Structure formats: C-alpha cells, structure tokens
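The structure displayed is predicted, hence computed values, not measured ones.
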Amino acid sequence: ERCLALLLLLALLPPGGLGKPTARQERTRPGTAQHEDRPGFQYDHEAFLGKEEARSFDQLSPEESRERLGKIVDRIDDNKDGYLTTEELKTWIKRVQKRYIYENVAKVWKDYDANKDNKIAWEEYKQATYGYYL
C-alpha cells in the first residue's frame, strides 16, 4: 500500500519535484530521483487533484508544487500517522471526483436551462445538444 501511495504521489509532482517526506520515511536527497511525466499523467493529476486544481498546479514552480502537494497529503492522511494507505487515497480520489461531477452538472445544467426555470424541457435539451443541426 505504501509503494502505491508513493508512486501515485511521485506521478503528481512536476518534473524534478520530490514528494513530501514524512517523519517515518527516509528522505530522498535532491538530484537522486527525477520525476518524468508519462503518457496519461494529466488524467492522473486530474483524478487526484480535480481538474481545476490540476490546472493550477501546472502553473507552479517545483517548490510551490511540493509545498501545496504536502498540504494535500496532510489532508489525505485521515488518521495522521504519516503514511497514506490505499484506502485513504481511494477516499480522497472519490471525494475529488464527486466534487468534479457536481461542478460539471451545475455547469451543464446552467447551459441547458435556457429559460432559467430550474428545469430542462425537451426543447431546451434538443436545442443545447443538437441546436446547430436543427
């Protein structure tokens, strides 16, 4: 479980970034490990952080990214034991995805509810979905 947590965290760091060490883990020396984003890394970042948060991380320096990721890791570590478990990561990712779904539904609803009556009529749906074909 710890290896999975460490791998997931390393996948989220910007190139050259190092994960936040905990009190019980051995610290990595700068320059001994390089993080390289692999294909699909953006999906991993979004799953872990949420789409907007992942986008904001792309704009940070490696130092700022490490600091913010460290704060997120502290929030994920529910039992505050200094380690992330698979269950803690699953819970975090579910929370992030749930928030993304609610935000996305609110945005789509706003776009489809043309007359702003808080209902989407069939005509509104057709217009929003197929408007340029109709």
Side-chain angles (χ1 to χ4, degrees):
E1 289 181 353
R2 290 183 197 126
C3 287
L4 173 64
L6 183 59
L7 288 174
L8 215 152
L9 288 175
L10 288 175
L12 295 172
L13 291 172
L18 298 173
K20 177 186 177 195
T22 62
R24 295 184 186 157
Q25 292 177 334
E26 185 174 316
R27 294 181 181 265
T28 305
R29 296 183 197 284
T32 59
Q34 287 288 325
H35 167 73
E36 293 181 20
D37 286 326
R38 307 216 186 303
F41 79 93
Q42 194 62 39
Y43 174 81
D44 295 337
H45 288 193
E46 290 175 10
F48 189 75
L49 299 168
K51 196 168 193 166
E52 294 303 317
E53 187 76 15
R55 193 174 296 135
S56 73
F57 262 76
D58 292 341
Q59 310 302 317
L60 300 176
S61 71
E63 294 79 22
E64 292 171 315
S65 182
R66 273 194 303 272
E67 183 180 330
R68 285 187 57 191
L69 187 57
K71 290 176 184 176
I72 291 171
V73 168
D74 290 341
R75 288 174 43 204
I76 297 169
D77 186 13
D78 286 333
N79 62 4
K80 306 299 180 209
D81 68 350
Y83 291 96
L84 296 182
T85 65
T86 304
E87 287 307 311
E88 287 171 328
L89 286 172
K90 285 180 185 178
T91 300
W92 175 260
I93 290 171
K94 285 178 187 176
R95 187 180 312 144
V96 168
Q97 292 302 304
K98 190 174 185 179
R99 186 180 71 218
Y100 172 74
I101 289 168
Y102 282 123
E103 289 170 358
N104 195 42
V105 166
K107 181 195 176 307
V108 170
W109 192 274
K110 186 176 164 185
D111 293 343
Y112 280 46
D113 185 17
N115 65 4
K116 308 300 178 210
D117 67 351
N118 211 25
K119 299 175 188 172
I120 299 175
W122 177 243
E123 290 302 318
E124 289 172 310
Y125 175 80
K126 283 191 322 187
Q127 185 61 37
T129 305
Y130 308 107
Y132 59 94
Y133 290 121
L134 302 175

Give the table of side-chain donor-acceptor pairs shorter than 3.5 Å for residues 92-103, with sequence neighbours excluded, one pair per line with atom names and distance.
{"residue": "Trp92", "atom": "NE1", "partner": "Phe48", "partner atom": "O", "Å": "2.6"}
{"residue": "Gln97", "atom": "NE2", "partner": "Ala47", "partner atom": "O", "Å": "3.4"}
{"residue": "Arg99", "atom": "NH2", "partner": "Leu49", "partner atom": "O", "Å": "3.4"}

**Asked** With Lys119, which residues qualify under side chain to side chain contact (heavy atoms under 4.5 Å, CB included), at least two apart?
**Response** Asp117
**Item:** With sequence neighbours excluded, residues passing salt bridge (Lys or Arg N to Asp or Glu O under 4.0 Å) with Asp113
**Value:** none
**Message:** Just to verify, what does Lys116 make a salt bridge (Lys or Arg N to Asp or Glu O under 4.0 Å) with, not counting sequence neighbours?
**Reply:** none
**Request:** Under the ring-ring contact (aromatic ring centres under 6.0 Å, His included) rule, collect the residues that match up with Tyr125, sequence neighbours excluded.
**Result:** Tyr112, Trp122
**Request:** Kindly write out the residues that satisfy side chain to side chain donor-acceptor pair (under 3.5 Å) with Asn104, not counting sequence neighbours, or none if the list is empty.
**Result:** none
**Message:** Checking the side chain of Lys80 only, and the main-chain atoms of Asp74 only, is there a donor and an acceptor separated by less than 3.5 Å?
**Reply:** yes
**Asked** Going from CD1 on Ile120 to OG1 on Thr129, what distance comes out if it is rounded to the nearest 0.5 angstrom?
**Response** 9.0 Å
**Message:** If the condition is side chain to side chain donor-acceptor pair (under 3.5 Å), which residues does Glu63 pass it with, not counting sequence neighbours?
**Reply:** Ser61
**Item:** Residues in side chain to side chain donor-acceptor pair (under 3.5 Å) contact with Thr91, at least two apart in sequence or another chain
**Value:** none
**Request:** With sequence neighbours excluded, tell me which residues meet side chain to side chain donor-acceptor pair (under 3.5 Å) with Lys110.
**Result:** none
**Request:** Hey, could you give me the CG/CG distance between Asp78 and Leu84, rounded to the nearest 0.5 Å?
**Result:** 9.5 Å
**Message:** The criterion is salt bridge (Lys or Arg N to Asp or Glu O under 4.0 Å); which residues satisfy it with Glu64, sequence neighbours excluded?
**Reply:** none
**Complete:** Note: Ala114 and Glu124 closest approach over all heavy atoms is N-OE2, 3.1 Å
**Item:** Residues Glu88, Asn79; criterion side chain to side chain contact (heavy atoms under 4.5 Å, CB included); working and verdict
**Value:** CA-CA 9 Å; Glu88 287 171 328; Asn79 62 4; 3.1 Å; yes
